[in-house]
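Computed from a prediction, not measured in an experiment: that's the story for all the values here.
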Amino acid sequence: MAAVKSVLESTVKAMTRSFAMERVRNIGIIAHIDAGKTTVTERILHYTGRTYKIGGVDEGTAVMDWMDQERERGITIMAAATTCHWAEHRINIIDTPGHVDFTAEVERSLRVLDGGVVILDAVAGVEAQSEMVWRQADRYHVARICFVNKMDRVGADFFRTLASIETRLNAVTIPVQLPYGAESGFRGVIDLIGNRVILFPEDSHQPLEYQPVPASEADLVARYRHVIVERLAEHDDAVLLPYLEGQEVSSELIVESLRRLTVANKVVPVLCGSALRGKGVRPLLDAVVAYLPSPLDVPAVIGHDPAGSQEIVCGPSDDEPLAALAFKVVSDPFMGRLTYLRIYSGTVTTGSQVLNTAKMKRERIGRLYFMHANHREEVTDADAGSIVAALGLRGTVTGDTLCSPSRPVVFESIRFAEPVLAMAIEPRAKADSEKLEDVLGKLVDEDPSFKVRQDPETGQAIIMGMGELHLEVMVERMSREFAVKVNVGKPRVAYREAITRAVESEGRFVRQTGGHGQYGHVWLKLEPGERGSGFKFVDAIKGATIPREYLPAIQSGAREAVETGGPAGYPVVDVTVTAYDGSYHDVDSSELAFKIASSMAVKAGLPKAKPVVLEPIMKLEITTPTQFTGDIIGDLNARRARIERIDTQADSTVVGCLIPLGETFGIATALRSLSQGRVTHTMEFCRYEPAPATVAEQIVKKSQ
């Protein structure tokens with residue numbers, strides 16, 4: 001017991017030790033589901049000495065998959081953070097989910113990371129979710145390296161995967177390694193920069209073996225080394241000059257150039273291995289240190305003052321005032337509310353007071369922790385570049401900025417996709433009824449892609465999420481973590497409505513009682529907006545027909561009216577509401593009267609604006625043995641799917657299509673039945689589109 005305590009104390013001491021900023025790496029492990037993200041992370045933790053026993057996903061012993069549901073299902077549900085050390089560098093790691101239903105976890109993780117390791121299956125290559133996380137990383141300018149995993153599987157093909165990265169992800173690849181051996185004969189990698197072979201021992205605890213490149217591989221190595229130099233020369237003048245002069249480009253210059261271009265997001269180094277066998281993980285750690293950026297290498301984060309009028313540059317320095325972004329909230333059943341922070345500048349200490357600029361309220365840091373999955377290691381302070389969890393921030397939610405009161409700053413918040421699936425829930429017992437509202441509030445706090453609303457007609461709670469699995473997991477969490485039992489209804493599609501023509505509408509609210517009456521009168525113009533533009537309000541009132549103090553109430557009334565629903569009962573989206581005329585009464589007019597009048601005008605105008613029902617369209621990708629392709633396409637056509645592409649790979653076929661969400665219920669069972677259980681599929685939200693007239697008619701009938 002004393003030995004374990006000693007190890008923990010030394011680990012915490014190492015984690016609180018001040019690392020030079022250039023020796024810090026904040027990285028995420030991202031990929032398609034089942035590509036091996038958690039397995040890679042578990043091996044990284046083992047080789048860095050963070051854990052002494054290798055955890056396994058299949059055995060349910062993975063440290064990073066700490067939730068019971070994750071271990072039972074064999075998938076990552078919640079992004080988990082940890083810290084380890086390699087080659088005198090501190091590496092903060094976030095292991096992210098691969099399932100599309102939990103894409104919000106990937107979104108908020110990439111928002112605060114500097115670099116990413118993209119794991120790809122050597123057999124499947126670039127898959128649908130790989131493309132999605134790649135686009136997310138592009139959005140936040142996250143530098144990446146790729147690790148082609150499962151090189152020891154039958155059908156593994158490094159070069160085909162390399163080609164798919166270039167074609168499907170539109171990336172400039174730099175293969176810094178080539179596989180040495182294939183499938184069951186995979187024994188090591190050829191280090192193209194070091195011009196050597198790295199052999200992986202069968203006992204993964206033994207040191208790596210280094211050998212010269214055999215004569216049989218010399219031509220291949222020379223050809224790919226030339227490819228490396230050629231591609232670097234296209235983007236880096238430091239390599240271009242010796243390349244044009246026919247000089248030998250040194251390995252040192254290649255490494256320096258490769259780091260510069262990787263940090264600048266111009267090239268992507270590609271490595272390979274088999275994480276399950278521990279092959280290739282240690283060279284991957286070397287690549288993380290060598291090529292991925294430190295907080296000093298990425299541009300300083302730019303925020304604004306609370307008024308939004310002035311830019312504020314927050315440099316990665318301990319000497320600057322504190323500036324941090326809250327990117328994740330977790331309700332710990334034992335500790336309470338934990339808030340994960342990425343510190344961009346300055347330092348934070350236990351007991352210090354910080355300003356939440358989203359709420360313009362001060363909060364006090366209770367305790368600080370470095371996280372190791374669900375294990376906490378308490379520290380007294382954290383420096384710039386760190387990822388920590390804080391206890392005691394009661395009013396802070398995901399996307400809020402915390403800063404020093406001496407320099408108020410607001411960072412851009414994190415945007416999340418809107419939920420597309422809804423389900424009614426109700427407590428099983430009266431005791432559960434009292435706790436349900438509190439539990440739902442905690443879950444909404446944790447997951448911004450999970451929404452809750454009350455059905456105005458039935459009074460039921462409606463939970464909304466990104467898919468069936470997302471909602472299923474949330475219901476199970478209510479039961480397991482919070483001991484609240486609920487009954488659930490069938491999943492329902494989150495339809496929307498949109499208007500198709502501009503109309504003008506009048507709203508007049510007049511009530512006369514014994515004392516002061518109520519008077520509000522407004523003319524509004526409703527116009528269709530571009531798809532995805534949301535709700536917009538325009539003030540076009542001229543003169544003094546309506547006093548300015550009533551405009552916020554008019555806007556609020558219009559917003560509530562479109563969110564409550566159009567003629568079919570679904571929220572109206574992508575609409576511009578312009579207030580251009582009206583009248584008021586010196587005594588009887590009030591904010592409430594104008595809010596009601598505005599709502600009445602919108603409700604009266606929507607039916608005249610020829611509204612249409614919008615249905616969520618999903619991007620579906622199916623991988624199936626070729627012999628079942630015809631039957632599967634027939635089933636997709638019956639579900640109103642639009643086939644976009646059909647790619648053949650060896651003896652399998654990949655079918656990509658767009659399909660209405662309402663037609664996807666039961667599709668997993670149907671696909672398994674049609675393919676003898678040999679099909680895999682992924683699905684993600686794409687966009688909203690108008691439903692065909694006959695379908696819209698059925699949708700409206702069901703809603704009524």
Side-chain angles (χ1 to χ4, degrees), residues 18-28 81 89-92 94 107-116 136-144 259-266 291-328 339-349 352-363 365 368 381-390 393 395-416:
S18 180
F19 273 76
M21 194 77 70
E22 62 268 15
R23 291 182 175 270
V24 174
R25 302 288 183 271
N26 292 313
I27 66 167
H89 285 68
R90 183 171 78 193
I91 306 175
N92 300 318
I94 298 181
E107 188 80 25
R108 61 179 164 194
S109 298
L110 288 174
R111 172 68 173 80
V112 298
L113 292 172
D114 305 321
Q136 288 174 302
D138 279 340
R139 187 156 57 246
Y140 296 114
H141 309 290
V142 175
R144 279 145 280 175
R259 176 176 178 76
R260 276 196 300 273
L261 296 178
T262 303
V263 168
N265 258 313
K266 293 182 178 178
Y291 305 126
L292 289 182
S294 73
L296 291 174
D297 295 318
V298 296
V301 179
I302 298 175
H304 290 84
D305 66 324
S309 59
Q310 183 181 349
E311 282 191 352
I312 299 175
V313 179
C314 300
S317 168
D318 295 346
D319 299 327
E320 289 206 12
L322 172 69
L325 183 71
F327 69 94
K328 183 179 172 72
T339 307
Y340 284 70
L341 306 174
R342 164 66 196 268
I343 304 172
Y344 287 106
S345 66
T347 59
V348 61
T349 56
S352 62
Q353 199 173 67
V354 296
L355 175 67
N356 181 334
T357 49
K359 313 285 191 305
M360 291 310 292
K361 290 184 178 179
R362 297 195 179 200
E363 298 211 55
I365 302 288
L368 288 173
D381 57 79
D383 51 11
S386 297
I387 292 176
V388 294
L393 301 172
T396 301
V397 298
T398 299
D400 284 358
T401 304
L402 299 178
C403 61
S404 168
S406 65
R407 187 186 68 177
V409 61
V410 181
F411 293 138
E412 183 183 355
S413 192
I414 310 171
R415 296 180 181 178
F416 298 98

Could you tell me which non-hydrogen atom of Leu341 sits nearest to which non-hydrogen atom of Ala390, and how far apart they are?
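Smallest heavy-atom distance, with atoms named: CD1-CB, 4.1 Å.
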Walk me through whether Asp138 and Arg144 qualify under side-chain contact (heavy atoms from CB on, under 4.5 Å).
CA-CA 10 Å; Asp138 279 340; Arg144 279 145 280 175; 2.9 Å; yes
Just verifying a value: how many Å separate [X] [atom1] and [Y] [atom2], rounded to the nearest 0.5 Å?
X      : Y      : atom1 : atom2 : result
Ser404 : Gln353 : OG    : CD    : 10.0 Å
Glu320 : Cys403 : CD    : SG    : 12.5 Å
Lys328 : Arg108 : NZ    : CZ    : 4.5 Å
Thr339 : Asp400 : OG1   : CG    : 9.0 Å
Leu296 : Ser317 : CG    : OG    : 9.0 Å

Are side-chain N/O atoms of Thr398 and Arg111 paired as donor and acceptor at under 3.5 Å?
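Side chains of Thr398 and Arg111: no pair found under 3.5 Å.
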Strictly by modelled atom types, are Asp381 and Thr347 linked by a side-chain donor-acceptor pair under 3.5 Å?
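No - no donor-acceptor pair under 3.5 Å links their side chains.
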Set of ring pair (Phe, Tyr, Trp, His ring centres under 6.0 Å) partners for Phe411, sequence neighbours left out
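With sequence neighbours excluded, Phe411 shows a ring pair (Phe, Tyr, Trp, His ring centres under 6.0 Å) to Tyr344, given in chain and number order.
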Of all pairs that satisfy side chain to side chain donor-acceptor pair (under 3.5 Å), the ones with a partner from residues 307-316, not counting sequence neighbours:
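Found Asp305-Ser309.
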Passes side-chain contact (heavy atoms from CB on, under 4.5 Å), Thr357 versus Val409? Steps please.
CA-CA 7 Å; Thr357 49; Val409 61; 5.7 Å; no
Closer than 4.0 angstrom, basic N to acidic O: yes or no for Asp297 and Arg25?
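No, this pair does not count.
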Electrostatic pair Asp114:Arg342 at N-O distance under 4.0 angstrom:
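Salt bridge between Asp114 and Arg342, a charged N being under 4.0 Å from a carboxylate O: yes.
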Test Val298 against His141 for side-chain contact (heavy atoms from CB on, under 4.5 Å), laying out the working first.
CA-CA 9 Å; Val298 296; His141 309 290; over 6 Å; no
Answer yes or no: does atom NZ of Lys361 have more than 12 heavy-atom neighbours from other residues, nucleotides or ligands under 6.0 Å?
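Check fails, neighbour count at 12 or below.
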Is atom CZ of Arg139 surrounded by more than 12 heavy atoms (other residues, nucleotides or ligands) closer than 6.0 Å?
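Yes.
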Test Thr349 against Ile365 for side-chain contact (heavy atoms from CB on, under 4.5 Å), laying out the working first.
CA-CA 7 Å; Thr349 56; Ile365 302 288; over 6 Å; no
Less than 4.5 Å apart, any side-chain heavy atom of Cys314 and any of Arg407?
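In contact.
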